[in-house]
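As structure tokens, the structure follows; a few thoughts come after it.
In what follows, chains carry the letters A, B, and so on, assigned in the order in which the sequence lines appear, proteins first and then strands, with residues in each chain numbered from 1. When reading the values below, keep in mind they use all heavy atoms of this one structure, side chains included, and skip hydrogens, waters and symmetry mates.
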Amino acid sequence: MTDRPNDHSLEKYRRMQRIRTFESEAEAIHAAGEIPGALHTYSGQEGSGVGCCMALRTDDYMVGTHRSHGHPIAKGAALRPLMAELLGKATGVCKGKGGSMHLSDFSVGSLGETSIVGSGVPVAAGAALGSKLQGVDRVTLCFFGDGATNEGAFHEGMNLAAIWKLPVVFVCENNGYAVSTPASVTVPVKDVAERAKAYGMPAVIVDGQDVDAVEAVVADAVLRARTGGGPTLVETKTYRYGEHAVNMGRILLDRGSELDEWRQRDPITLYRAKLIAQGVEAATLDAIEQEVVTEVADALEFARQSPYPDVTEAFDDVFVDRLPIPDYINS
Amino acid sequence: MTDRPNDHSLEKYRRMQRIRTFESEAEAIHAAGEIPGALHTYSGQEGSGVGCCMALRTDDYMVGTHRSHGHPIAKGAALRPLMAELLGKATGVCKGKGGSMHLSDFSVGSLGETSIVGSGVPVAAGAALGSKLQGVDRVTLCFFGDGATNEGAFHEGMNLAAIWKLPVVFVCENNGYAVSTPASVTVPVKDVAERAKAYGMPAVIVDGQDVDAVEAVVADAVLRARTGGGPTLVETKTYRYGEHAVNMGRILLDRGSELDEWRQRDPITLYRAKLIAQGVEAATLDAIEQEVVTEVADALEFARQSPYPDVTEAFDDVFVDRLPIPDYINS
Amino acid sequence: MAKATYLDAIRLAQQEEMMRDNRVFIMGEDIVCNVFGTTTGFVELFGTERVRDTPISENGFMGAGAGAAMVGMRPIIDTTLSSFLYPAMDQIISIIAKSRYIYGGQAQLPLVIRSCMFYGNSNAAQHSDRPYPMFMNMPGLKIIAPSTAYDMKGLLKAAIRENDPVMCFEDSTCWTSKDELPDAPDFIIPLGKGDIKREGSDVSIIGVAGAVQLALKAAKQLAAQGISAEVVDPRTLAPLDMPLILQSVRKTGRAIIVDPAHQVCSAASEISATIVEQAFDALRAPVLRVTTAQTHMPFSPLIEKSLYPTVDRIMAAAHKLVTGRPAVDA
Amino acid sequence: MAKATYLDAIRLAQQEEMMRDNRVFIMGEDIVCNVFGTTTGFVELFGTERVRDTPISENGFMGAGAGAAMVGMRPIIDTTLSSFLYPAMDQIISIIAKSRYIYGGQAQLPLVIRSCMFYGNSNAAQHSDRPYPMFMNMPGLKIIAPSTAYDMKGLLKAAIRENDPVMCFEDSTCWTSKDELPDAPDFIIPLGKGDIKREGSDVSIIGVAGAVQLALKAAKQLAAQGISAEVVDPRTLAPLDMPLILQSVRKTGRAIIVDPAHQVCSAASEISATIVEQAFDALRAPVLRVTTAQTHMPFSPLIEKSLYPTVDRIMAAAHKLVTGRPAVDA
Ligand SMILES: Cc1ncc(C[n+]2csc(CCOP(=O)(O)OP(=O)(O)O)c2C)c(N)n1
Ligand SMILES: Cc1ncc(C[n+]2csc(CCOP(=O)(O)OP(=O)(O)O)c2C)c(N)n1
Ligand SMILES: [Mg+2]
Ligand SMILES: [Mg+2]
């Protein structure tokens with residue numbers, strides 16, 4: 001995309017750093033018991049999420065997964081409501097109802113980070129159908145993992161997008177595993193991209209650790225979608241550094257030196273080196289990192305200061321109108 | 001398969017005739033009100049069903065669909081219990097519980113003609129898994145339509161068979177339509193066979209009106225399955241002469257001259273001509289036809305003479321043990 | 001105003017709302033060809049963008065409906081038969097019922113899921129379902145089950161205007177029933193409001209979906225035998241109009257619930273349990289359920305028909321409650 | 001005999017039956033890695049053919065289980081969490097529940113569908129389901145919901161030997177509870193037989209799954225307050241041991257059903273409706289339900305916990321029925 005560093009490049013750097021820093025803080029406070037429930041980190045995959053989202057317009061839509069921290073930050077979400085959500089606070093982006101598996105900021109185009117594997121694919125096709133019917137040129141981008149491509153929902157959503165030529169970009173973030181299961185055990189083709197052939201859909205494979213490469217490939221797909229050319233499947237080859245989820249201690253992937261090799265190709269480190277090679281001052285990048293640290297600290301402080309939701313709020317948002325509160329609930 | 005006519009060839013001719021004659025009788029008595037419910041005819045597709053089943057061993061398994069008359073007859077089922085089933089009689093192959101959409105004769109290897117579109121595909125994979133675990137060399141063959149390939153169940157079943165290298169042959173009987181919807185509207189690839197690429201599975205397309213060609217192709221696939229080579233997708237290009245179902249008067253396919261063109265390539269007519277060209281006496285074939293007519297008449301007579309099931313039988317076969325009968329049921 | 005059938009009511013409700021609001025569109029399998037007659041002429045009126053044939057991908061197009069709704073459309077998703085809701089269950093439950101909540105109100109899902117309960121006509125176990133109780137167990141779904149053409153028109157129009165997801169269960173045993181249908185463009189029946197279909201004083205018969213018609217027939221015959229039955233039609237199953245049901249039961253002191261679903265965990269069970277919890281003091285006799293036997297539906301016509309609620313079974317239940325004796329022969 | 005947990009009981013039941021019968025095999029997502037500890041050591045014991053990792057294809061491997069069962073295998077299908085049953089709903093209902101029937105008894109489906117109800121730990125609405133009532137509505141499925149390690153071992157072993165499909169709902173709130181487990185190879189608890197977990201005379205508290213533990217705690221505290229509660233555990237939800245429940249209610253004249261499912265069309269509703277139908281004469285007070293509020297489960301821990309049945313709510317219900325007054329402070 002960008003051969004010379006500019007604000008756009010620096011913003012990519014900033015967003016990758018934000019994800020990394022936000023999550024390392026989240027991991028720390030999860031370990032300390034401040035975050036309940038599961039926590040699936042995105043660390044290692046930042047190049048994929050940020051490359052994709054920076055190829056989108058602000059008003060484009062995005063559908064994501066249980067590994068939900070990276071996508072909204074990549075799309076530009078504010079950190080305070082995200083961190084407050086992790087802590088289950090009333091000021092959370094989902095009012096404390098979604099938590100770590102569902103950090104979805106609709107104000108930046110999110111249509112849900114859904115934790116049922118594969119379930120976002122038909123929804124993304126539908127959002128794109130909506131845009132098509134409305135005659136607007138918004139594009140929908142849909143993230144999912146390698147494991148999700150074994151779900152029937154993936155197949156049906158891809159097919160709908162193909163036959164209706166919908167303005168959607170499907171992004172398989174292939175990190176090589178679904179929980180403990182290597183993709184090679186459950187996906188009988190070398191590349192997930194092969195699967196697009198079943199729908200006559202163009203597909204492209206890209207190095208997910210190279211944020212610029214991801215952005216370039218996705219920008220092409222977005223352009224095709226926006227101009228009536230229909231859907232594309234993009235496969236980003238990437239890796240997650242963490243276990244499937246931070247509180248699942250018992251899963252011991254036997255991944256040998258794999259982790260080290262991937263860390264050699266860390267998307268943030270690579271991009272930093274590239275920017276410096278292109279003439280950006282290290283100090284500029286250091287300043288960004290520092291700003292991000294401050295931002296995350298501020299978000300955490302905000303989250304900590306925020307109140308928990310009142311018990312009666314459990315009866316809100318099931319429907320437009322609040323449900324009656326049973327007697328046994330005392331607020 | 002067979003270049004010179006032999007008993008096997010004559011049996012193929014007989015089974016195709018059986019299906020055609022059985023169904024034309026069924027249509028007639030359905031119109032007369034003797035058969036309740038829906039009736040989906042297989043007329044026009046006999047080459048596909050018979051070619052497939054004649055490539056199987058008697059102890060091989062078979063899974064089918066709502067268009068359920070052709071498959072069991074092709075696999076060698078006796079006609080009396082099938083006709084009795086259509087009439088809802090106690091002597092029916094499913095004791096009157098399944099009817100026209102579920103003519104399943106387990107004694108010839110059937111594991112269900114299931115009327116939920118696509119639902120047979122995972123079942124077939126599972127039967128093949130069972131054979132594999134048992135260390136027996138039985139193969140499972142699974143029929144489904146073009147429309148079924150849009151179901152998630154198709155995708156998941158195909159994928160399981162591929163990753164586990166299961167002894168199963170998937171047969172898409174592509175008759176060009178799902179109810180009123182042409183395959184071209186819902187399947188974005190020219191041939192369903194393309195879809196095998198998503199699973200790294202071999203696929204082959206064959207003229208479904210040529211029973212020998214179908215048998216040859218399926219025999220190859222069966223051999224591969226039986227010898228540990230894993231699954232194959234076979235696409236038989238075929239056509240149904242009737243409407244989607246005989247009691248759906250309102251569906252008027254705008255199929256122009258298409259029907260006439262396909263009738264020119266009727267699988268039974270073609271095969272008759274081929275056999276005669278190969279030296280079979282017309283009289284031999286006429287005799288088979290006559291025998292089949294007698295057989296169908298006998299089956300109908302048997303069905304008509306058979307009793308309806310007793311009301312209490314509604315409580316049988318939910319589980320191994322009969323359910324308690326509610327008071328209001330008087331037998 | 002002219003007499004129109006239940007199927008006409010579906011068609012007219014959709015047509016009027018599609019005319020009124022171009023965010024409304026309809027999709028489903030073979031909807032253009034239109035097997036049951038609920039979209040006759042729609043392609044001509046609205047074009048194939050808004051009247052959309054889908055592949056046989058129930059979970060896929062259910063989810064597509066959800067996505068379209070999230071970006072401001074108002075889809076009607078025709079799932080043909082209720083038995084085809086099972087392949088779509090995950091999208092209905094995990095996405096449609098739960099998205100507004102899990103995202104703290106950020107998502108809005110104004111959509112209608114229509115499906116026909118096609119039972120009693122030898123369609124066998126895989127095609128004869130009446131699965132609304134399963135969906136009643138799941139928060140986040142509104143559910144209507146109209147029993148007359150009039151109610152269908154008013155409730156379906158309301159459902160299409162609703163900003164929450166609504167499932168509409170259409171009872172094929174009501175297809176040919178007719179009513180005068182109001183043609184005022186804003187005629188709607190608000191969700192959650194039941195209807196007294198016949199007044200009475202000895203026993204309340206609460207009918208669900210097509211069973212309302214059976215209850216009315218039974219009430220007529222019971223009247224001739226000196227038993228005055230009130231027939232209550234909740235019309236909406238989620239939320240249930242319990243105040244109306246309780247008011248009726250408090251008046252009569254007796255209740256029978258007639259429900260074509262399988263008995264276990266049925267709407268009938270729910271209504272019974274709620275009556276007992278909230279009006280026990282008023283009950284003069286046990287609450288009885290007349291439901292479909294807890295077995296599958298067989299193909300063979302004679303044995304199938306014996307499994308559903310019948311007028312005779314309702315009458316027998318009423319006699320048991322009111323006179324303590326078996327029903328007299330009508 | 002040594003003390004073992006509910007999770008151990010699952011593991012041991014499976015292990016013993018897999019040892020005994022080589023037609024039994026197990027499959028599911030990440031079953032080799034074995035997240036919850038119910039298949040620890042299984043690969044070493046049985047190999048990866050019989051302990052089989054599946055793709056994330058719930059409908060696919062559910063159907064594969066059905067097909068394998070039809071040809072004579074006896075699969076255990078581990079669906080991880082009960083919330084992942086929805087994508088597999090079609091195979092469970094259309095194939096597994098219905099095949100024996102629709103083919104007139106020709107098909108046999110000896111299989112077990114296991115899933116864990118993982119609620120109460122901030123897993124939010126998409127991961128906290130307790131959906132057994134939906135499956136109770138469908139004929140053709142047997143359903144167990146053990147509340148103790150002892151019951152789990154006996155019932156799960158019985159389920160694996162059963163020639164009908166059985167769903168096993170595992171309540172994560174019971175995971176760490178311990179019992180002495182019989183190690184006789186043929187120790188089984190037959191399906192359909194409930195258990196009186198505590199005897200009492202003033203009120204019957206019928207507990208479902210994990211709620212049995214709450215009922216027992218409540219009964220203990222009630223005893224200190226002069227109320228004698230009998231705790232009945234149906235253990236199997238389909239078929240329900242209504243004779244046992246009715247016997248208890250006829251004795252006490254009062255009933256409370258505690259059920260962690262959502263209230264509407266719950267097991268509690270079903271049990272209540274059946275009690276009223278069959279033991280109305282014996283009832284001295286309304287039958288009450290203590291269930292989960294009819295809303296989704298939120299992530300935020302404090303508000304989530306307030307929605308499930310609690311010991312306090314059970315005690316309040318018992319006081320209302322027995323003394324007609326609010327519960328005294330324990
Ligand atoms: C329908 C469903 N089945 C199973 C799960 C449990 N689960 C959560 S994440 C996950 C693995 C997903 O793998 P992949 O799609 O590759 O995404 P990744 O976690 O690698 O980002 C599984 C099995 C689920 N959430 N939903
Ligand atoms: C899950 C499901 N959806 C819809 C239907 C209704 N239906 C029955 S047959 C059919 C068309 C099937 O088309 P295809 O798979 O091509 O088989 P064909 O009828 O052409 O043999 C449809 C939509 C069904 N039975 N099951
Ligand atoms: Mg992955
Ligand atoms: Mg077809």
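- Put simply, the residue from D:R161, D:K157, D:K153 that forms a salt bridge (Lys or Arg N to Asp or Glu O under 4.0 Å) with D:D186 is D:R161.
- Using modelled atom types and a 3.5 Å distance limit, the side chains of B:H69 and B:E85 yield no donor-acceptor pair.
- Heavy atoms of B:V93 lying under 4.5 Å from chain D belong to its backbone as well as its side chain.
- Neither the backbone nor the side chain of D:K98 comes within less than 4.5 Å of any heavy atom in chain B.
- Results of the side chain to side chain contact (heavy atoms under 4.5 Å, CB included) test with D:C168 over D:I160, D:I144, D:D78 single out D:I144 as the only residue that passes.
- B:L103 does not touch chain D: none of its heavy atoms, backbone or side chain, sits under 4.5 Å away.
- Applying the ring-ring contact (aromatic ring centres under 6.0 Å, His included) definition to pairs two or more places apart or across chains, those involving residues 91-140 of chain B are B:F106-D:Y103.
- Taking the side chain as every heavy atom from C-beta outward, B:R67 and B:F143 never approach each other to under 4.5 Å.
- Using modelled atom types, one finds no donor on one side chain facing an acceptor on the other under 3.5 Å when comparing B:S110 with B:D105.
- Heavy atoms closer than 4.5 Å to chain D are found in the side chain of B:N159, but not in its backbone.
- D:C116 places none of its side-chain heavy atoms less than 4.5 Å from the side chain of D:F84.
- Residue contact with chain B, scored on non-hydrogen atoms closer than 4.5 Å, is absent for D:L109.
- Listed here is the closest heavy atom pair of B:A74 and B:G49: CB-O, 3.5 Å.
- B:I329 places none of its side-chain heavy atoms less than 4.5 Å from the side chain of B:D327.
- The stretch residues 68-76 of chain D places D:A68, D:M70, D:V71, D:G72, D:M73 near chain B, each with some heavy atom under 4.5 Å from a heavy atom of that chain.
- Proximity of B:C142 to B:V121: side-chain heavy atoms (C-beta onward) are separated by under 4.5 Å at one or more points.
- Contact of B:Y61 with chain D is made through the side chain alone, with heavy-atom distances under 4.5 Å.
- Using a 4.5 Å heavy-atom cutoff, the side chains of D:I96 and D:M62 are in contact.
- The interface of residues 49-59 of chain D with chain B, defined by heavy-atom distances below 4.5 Å, comprises D:E49, D:R52, D:D53, D:T54, D:P55, D:S57, D:E58, D:N59.
- Side-chain atoms of D:R114 and D:I26, non-hydrogen and from C-beta on, do get closer than 4.5 Å to each other.
- Neither the backbone nor the side chain of B:A124 has a heavy atom closer than 4.5 Å to any heavy atom of chain D.
- Scanning residues 87-94 of chain D against chain B with a 4.5 Å non-hydrogen threshold yields D:D90, D:Q91, D:S94, sorted by number.
- For a residue to count as touching a neighbouring chain, one of its non-hydrogen atoms must lie under 4.5 Å from one of that chain's; by this rule B:A128 does not touch chain D.
- A heavy-atom distance below 4.5 Å is not found between the side chains of D:I143 and D:V166.
- With salt bridges taken as basic N to acidic carboxylate O contacts below 4.0 Å, none links D:D241 and D:K193.
- Ion pairing between a basic and an acidic side chain is recognised when a charged N comes within 4.0 Å of a carboxylate O; B:R138 and B:D59 show such pairing.
- With a threshold of 4.5 angstrom between heavy atoms, B:L160 approaches chain D through side-chain atoms but not through N, CA, C or O.
- D:F169 and D:P146 make their closest contact through O-CD, 3.7 Å (heavy atoms, listed as atom of the first residue, atom of the second, distance).
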